[in-house]
Amino acid sequence: MAYAYLFKYIIIGDTGVGKSCLLLQFTDKRFQPVHDLTIGVEFGARMITIDGKQIKLQIWDTAGQESFRSITRSYYRGAAGALLVYDITRRDTFNHLTTWLEDARQHSNSNMVIMLIGNKSDLESRREVKKEEGEAFAREHGLIFMETSAKTASNVEEAFINTAKEIYEKIQEGVFDINNEANGIKIGPQHPTTSSILTSGQGGQQAGGGCC
Amino acid sequence: MSDSEASHTAADGSPEALPETHDASPAESDSSSPTTPDNSTDVAPTRKARRRPEAKPEAEETPKAEEQPAKTSSETTVSQGSWGYWGSWGKSILSTASATVATVGQGLTQVIEKAETSLGIPSPTELSAQVEEEQQQQDSSPVHDGGSETDKAAADGPSAVGSAMGMLSSLTSVVQSTGKTVITGGLDALEFIGKKTMDVIAEGDPGFKKTKGLMIRNATLSQVLREAKEREELQTAETESSDSEKKVVAHYGMLFDEFQGLSHLEALEILSRESESKVKSVLTTLSGDELVQLRGELDHIKDSFSLVEFDDEEVDEKKDEDGSEFERELMEAMEGLSVSATADKLTKACKSTCSQITDMNKPQKEEEEEEEEEDGKKSLSVEEVHAAAIRSLAELTARSIELFHKLAEMILFSNGSAEPSVLSQLTVVLCKEISLLSKKFTSCLTSAGSNEKRDVLNPLITGVFLEASNSASYIQDAFQLLMPILEISHIQRRSESSEQ
């Protein structure tokens with residue numbers, strides 16, 4: 001429960017690309033083929049471990065509908081990481097990436113780590129966007145890239161965790177000022193007690209985190 | 001020290017017998033005519049005023065028996081600005097419970113005035129300046145020595161109070177966040193709990209020590225709640241390692257976060273802040289008659305936000321056993337507001353709470369699967385009932401705040417016209433439900449703990465009532481956050497219609 005860091009993420013991208021399904025797969029390890037349209041923003045949270053440290057991901061899953069854009073933009077600020085999602089079976093969702101990226105860069109801090117995600121990789125037969133195209137776009141704009149399937153859970157865990165690793169590295173390099181909460185990073189509650197108590201306390205929590 | 005005082009205060013009995021004091025009477029007239037337009041107080045002062053005479057007499061009474069310095073302290077404190085006054089609350093409480101009660105009673109007048117003039121939260125600098133002032137004052141005061149002693153005693157306090165500590169520290173957090181919150185929260189609880197509250201606070205709350213730091217740093221409700229949650233996490237980590245027997249400790253703040261209450265609150269705050277600055281910038285572009293007219297319209301919206309009337313005396317413990325009446329009232333209040341999915345979550349949470357309570361009330365008839373015979377009649381321990389109560393309150397509050405957040409999004413999204421009166425009715429329904437459930441839970445606690453000692457049971461009951469009143473305060477604060485959203489939505493609809 002206690003964490004070393006808390007990272008705020010946003011998930012953005014066109015409507016119907018599977019943003020909420022990715023989140024549900026990551027937090028609850030399940031897939032829901034029919035998902036209600038997201039209104040504004042919904043939330044999810046999960047604890048992960050990087051470099052032996054407990055990190056809490058606080059994920060803001062935004063509505064993809066164009067009409068919600070002016071509201072969801074308000075939520076970009078203060079995110080440390082963004083998952084920019086498109087649907088490999090719908091070329092238009094890939095074509096809109098530039099707009100999403102501009103929007104994200106404009107309304108968030110410049111150090112935000114962006115992971116480009118081509119979702120629905122299980123639907124190979126209906127693929128409209130080649131993996132190489134995604135890779136090229138990511139390279140061109142300095143993003144990390146992965147293809148995922150919220151349905152089969154392929155790469156879902158990796159997408160969230162690799163983003164966190166990148167953020168963590170940036171913290172180690174001193175790129176992120178962790179004392180500025182506008183960067184979407186918070187240091188966990190500090191234990192004023194001795195380190196022995198701290199270690200034993202965390203041991204218990206790790207066991208607890210594993211089961212949920 | 002705190003122990004003996006606590007029992008002394010508790011034993012002191014009948015506060016009602018004492019005469020009302022001068023500053024109680026104007027407040028009384030306030031509450032008796034809450035609809036007077038000039039008297040546009042918000043819900044908090046109205047309720048506050050009603051409670052005041054309850055807390056007051058105790059204050060009058062105890063100083064006689066206590067040492068004089070305590071009284072002096074509370075008087076000097078009152079002479080400070082109202083916000084600075086809250087800063088010293090922690091210390092006064094730790095000095096003597098009675099002095100604190102006196103302070104609460106007298107300070108209210110100022111808080112009410114403050115709340116009338118602004119619902120906003122004071123700037124951190126303003127707070128810190130006053131805290132410093134306070135501190136100097138306190139340092140030079142003779143009470144200070146006694147205070148720190150009690151402080152120490154409180155720190156090593158009895159572990160029986162442990163489970164109540166989480167919520168008490170969130171109470172102290174709220175104390176720093178808004179005076180209004182304190183008013184709506186603290187005194188409501190006082191009505192139920194009376195003297196016990198202060199005893200428990202004096203005995204067991206280490207949160208006060210962090211009071212000053214919090215005051216300086218915090219400006220928003222979500223931050224305050226987040227910090228409260230983090231302290232609870234720390235406490236949990238510590239108790240986990242230090243003594244394993246204490247398993248059933250319910251931490252309101254952590255649970256509230258688990259139900260995503262913090263996130264929804266944070267998002268709602270973002271929308272509220274942005275709307276507020278948009279309204280301001282629109283106002284700066286206008287002048288003359290246009291400005292006057294718009295200001296008038298906005299004031300009309302503001303007024304609706306300050307006329308919420310919540311009277312929990314109407315709440316009847318017996319009614320609404322399965323939560324269906326709440327559902328009906330909620331649906332009624334929500335008519336025309338298109339966020340049914342979120343409302344469903346709330347009614348589900350409420351219904352499951354109601355069935356939980358029903359199960360608790362018939363323990364003898366059915367054997368609970370997981371319960372062994374050894375406990376005799378009781379199927380749930382008082383700690384378990386308490387934990388269930390805190391969990392339910394945290395969930396319902398989180399869902400209520402989620403509902404307000406979704407409402408805010410829908411209002412901005414559809415640019416629909418939501419009547420402030422509908423929203424305030426919704427707030428009343430939610431707060432009533434919280435109050436009703438807390439009463440049901442405490443009667444469960446009372447019957448489950450019929451064999452327990454008072455000093456085990458009372459802090460738990462106090463805990464439920466305090467968290468319930470905190471919950472109501474959070475809901476009312478979230479309601480207030482909707483105001484700028486309605487304002488900007490009004491402005492947008494207005495400009496649309498003038499374009500046509």
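Here is the naming used below: chain letters follow the sequence lines, and residue numbers restart at 1 for every chain.
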B/His405 versus chain A, the contacting section by heavy-atom distance below 4.5 Å: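 Just the side chain, heavy atoms under 4.5 Å.
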Kindly compute the distance separating [atom1] ([X]) from [atom2] ([Y]), expressed to the nearest 0.5 Å.
| X | Y | atom1 | atom2 | answer |
| --- | --- | --- | --- | --- |
| B/Phe413 | A/Gln65 | CZ | CD | 5.5 Å |
| A/Lys56 | B/Asp257 | NZ | CG | 4.0 Å |
| B/Ser263 | A/Ile59 | OG | CD1 | 10.0 Å |
| B/Ile411 | A/Ile71 | CD1 | CD1 | 10.0 Å |

Residues from residues 5-19 of chain A approaching chain B under 4.5 Å (heavy atoms):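 So far as heavy atoms go, A/Leu6 are the residues that approach chain B to under 4.5 Å.
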Side chain to side chain contact (heavy atoms under 4.5 Å, CB included) assessment of B/His264 paired with A/Val41: CA-CA 9 Å; B/His264 283 288; A/Val41 69; 5.9 Å; no
Residue pair A/Ser74 / B/Glu274: nearest heavy atoms and the distance that separates them: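 For A/Ser74 and B/Glu274, the tightest heavy-atom pair comes out as OG-OE1, 2.7 Å.
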For the student: nearest non-hydrogen atoms of B/Lys406 and A/Ile39, plus distance: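 Heavy atoms of B/Lys406 and A/Ile39 come nearest at NZ-O, 2.5 Å.
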Heavy atoms of other groups near A/Arg77 CZ, more than 12 under 6.0 Å: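 Atom CZ in A/Arg77 is not packed in, count stays at 12 or less.
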A/Arg126 CZ: over 12 foreign heavy atoms closer than 6.0 Å: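 For A/Arg126, atom CZ is not crowded (no more than 12 foreign heavy atoms under 6.0 Å).
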Side chains of B/Glu266 and A/Phe43 in contact at under 4.5 Å (non-hydrogen atoms): no
